[in-house]
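Fair warning: this is a prediction, and the values are worked out from it, not measured in the lab. Order of the sequence lines fixes the chain letters, A, B, ..., with proteins taken first and strands second; residue numbering starts at 1 for each chain.
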2 protein chains.
Amino acid sequence: MFKEFGSGGLGLADNSGARVAHSSELDALIALEHIGMRRSFTRDEEIYAEGDRSDCWFRVVAGTVRSCKLLADGRRHIPEFFFAGDSFGLDAADERFASAEAVGDVVVMRYPRGATERLLDERPELARRMCSATLRGLTHAHARMLLLGRMTATERVASFLLELAERRDAKRAVELPMSRYDIADYLGLTIETVSRVLSAFKRDGAIAVPSPHRIEFRDRNMLAELCEA
Amino acid sequence: MFKEFGSGGLGLADNSGARVAHSSELDALIALEHIGMRRSFTRDEEIYAEGDRSDCWFRVVAGTVRSCKLLADGRRHIPEFFFAGDSFGLDAADERFASAEAVGDVVVMRYPRGATERLLDERPELARRMCSATLRGLTHAHARMLLLGRMTATERVASFLLELAERRDAKRAVELPMSRYDIADYLGLTIETVSRVLSAFKRDGAIAVPSPHRIEFRDRNMLAELCEA
DNA sequence: CGCCAGTTTGACCAAGATCAACGCAAGTGG
DNA sequence: CCACTTGCGTTGATCTTGGTCAAACTGGCG
């Protein structure tokens, strides 16, 4: 069910686009790289906080980023994970709705908002790309609402594993860079439920779990059947 | 918590924008109106179906539209309602992810995709507006994920009432154009739970319900406290 | 070796779903 | 004009899924 992902890439690392960027587009992408700055973060470090001014956006170079939203009583929700090549932090409001944190060690490019907007004015092709990345993000958000609103715990975990596999282009196994807490808060469940569902999948021979952060697919069909609309 | 809404308007009916459109922008918006066609739909009529080619998008002129996603076993989810002034159906994928249906009698403007794209190429201001409407839609989607993933039934219904009131600019009372089924599928609950929560609010003096489709606020604070992050 | 964080497992509990009955107003047809 | 139906909405009783609380396991590291 997950054909569309994240806020997506913008093209440099984009291997899903049908056409190769022609030269003016390529120029634009190179120009974009010039206004960006490389930044590194370590595990659990905050890239930006809820309520910060959203005066820049990012692209993941390496590692995994989670965005987080906290409720007053401590309940946490993770609207999205971002992997290498994904953009994040491009926001309509000028205050951050959610924070962004490094799941492990992370390298990102940071693009200031002002310079980006000037660039977009000059390069309509780039603006187009940016817009369609946002649109893809919206599609993905809709798929996630369906998951959170109407799917069972089993279906959620199965969808999650397959989504991850597809995003990371993994056929036989998938690395889980995030903790059970992160997975639970992404899926609207508790760590115990996530753990139990994974154990059930293991029992049923759908997956193997050689280490808590690695899942091997044994019967991918079984998982796929669980989450098809 | 709901400061940002739907896929938003694009300007003609937009009273929230800080600046008045200057003349070239206005031209662009008028040009947009020229490529649109007025269409009417009656209660429960389908505006487009899941899987249709997404070769156009719409703006609601009057009435309420729901978008719908059906799971194989009949479970339904409503990712979004659209009211007068909201745009919908602008999609990244070229197949519709969800259908759109008229909640009651509805009038919409229909804009073909091709003509829109040509217009956007000529009018960067309009493209900018379009893009930021999409971005607002994404913010709203994130708020909805939080609701579906982490909020209780009581909090969901309270948020829903306040969201509706804010979107329709209603201070003391709000009209519910949709059925309890629609509300339930929007909030990831059942009709029974929605009904029970409304009854509880009534008992507690937070609202009055003179008719099933009209809610009057008696203690808005009580509702607000229930859903603040 | 023992500690610690993260994960798993088990026993129990509760929020919300399900199933079923009832209410109520708007049609409909005799 | 009044029975009868029909489509929603409400309420109540019971059940289930997933949450809560608590204990046990596991692998890495001082």
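Between B:Arg220 and B:Glu166, no side-chain nitrogen of the basic residue sits less than 4.0 Å from a carboxylate oxygen of the acidic one, so the salt-bridge criterion is not met. Between A:Arg66 and A:Asp44 a salt bridge is recorded (basic side-chain N to carboxylate O distance below 4.0 Å). At a threshold of 4.0 Å, the pair A:Arg76-A:Asp185 counts as salt-bridged, since one of the basic side-chain nitrogens sits closer than that to a carboxylate oxygen.
B:Lys202 places its NZ atom 13 Å from the P atom of D:dG9, with the value rounded to the nearest Å. Separating the CG atom of A:Asp73 from the P atom of D:dT20 is a distance of 10 Å, rounded to the nearest angstrom. As a whole-Å value, the separation of B:Met151 CE from D:dG18 C1' is 20 Å. In this structure, CG of A:Asp185 is placed 15 Å from C1' of D:dG18, rounded to the nearest angstrom. With rounding to whole Å, A:Leu198 atom CG is found 14 Å from D:dG18 atom P. One atom, CG of B:Leu226, and another, C1' of C:dA15, lie 16 Å apart when rounded to the nearest Å. Going from atom CG of B:Leu148 over to atom P of C:dG16 covers 13 Å, rounded to whole Å. If you take CZ of B:Arg150 and C1' of C:dG16, they are 16 Å apart, rounded to a whole angstrom.
Residue whose closest nucleotide on DNA chain D sits further toward the 5' end, between A:Thr190 and B:Val209: B:Val209.
The base of C:dT9 does not come close enough to the side chain of A:Arg203 for any donor and acceptor atom to sit less than 3.5 Å apart. Residue side chain A:Arg156 does not reach the base of D:dG18 through any donor-acceptor N/O pair under 3.5 Å, judged by distance alone.
Minimum atom distance to the side chain of B:Thr152 is reached by C:dG16, of the listed C:dG10, D:dT11, C:dG16. Minimum atom distance to the side chain of A:Glu192 is reached by D:dA22, of the listed D:dT11, C:dA11, D:dA22.
Using a 4.0 Å cut-off, some side-chain N or O of A:Ser199 falls inside it from OP1 or OP2 of C:dT9.
Backbone-only contact: B:Leu189 has heavy atoms under 4.0 Å from sugar-phosphate atoms and none from a base. Residue A:Ser211 is out of contact with every strand shown, counting any heavy-atom pair closer than 4.0 Å.
Surrounding CZ of A:Arg43 are at most 12 heavy atoms belonging to other residues, nucleotides or ligands under 6.0 Å away.
Applying the ring-ring contact (aromatic ring centres under 6.0 Å, His included) rule to pairs touching residues 170-216 of chain B yields B:Phe81-B:Tyr186, B:Phe160-B:Tyr186, sequence neighbours excluded.
Partners of B:Glu175 by salt bridge (charged side-chain N to carboxylate O under 4.0 Å, His left out), not counting sequence neighbours, listed by chain and number: B:Arg214.
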Is there any protein nitrogen or oxygen under 3.5 Å from a nitrogen or oxygen in nucleotides 4-7 of chain C, and what are the pairs?
unit_1, atom_1, unit_2, atom_2, d
C:dG6, OP1, A:Arg43, NH2, 3.0
C:dT7, OP1, A:His213, NE2, 3.3
C:dT7, OP2, A:Arg180, N, 3.2

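No donor-acceptor pair under 3.5 Å is formed between the side chain of A:Thr42 and the backbone N or O of A:Asp105.
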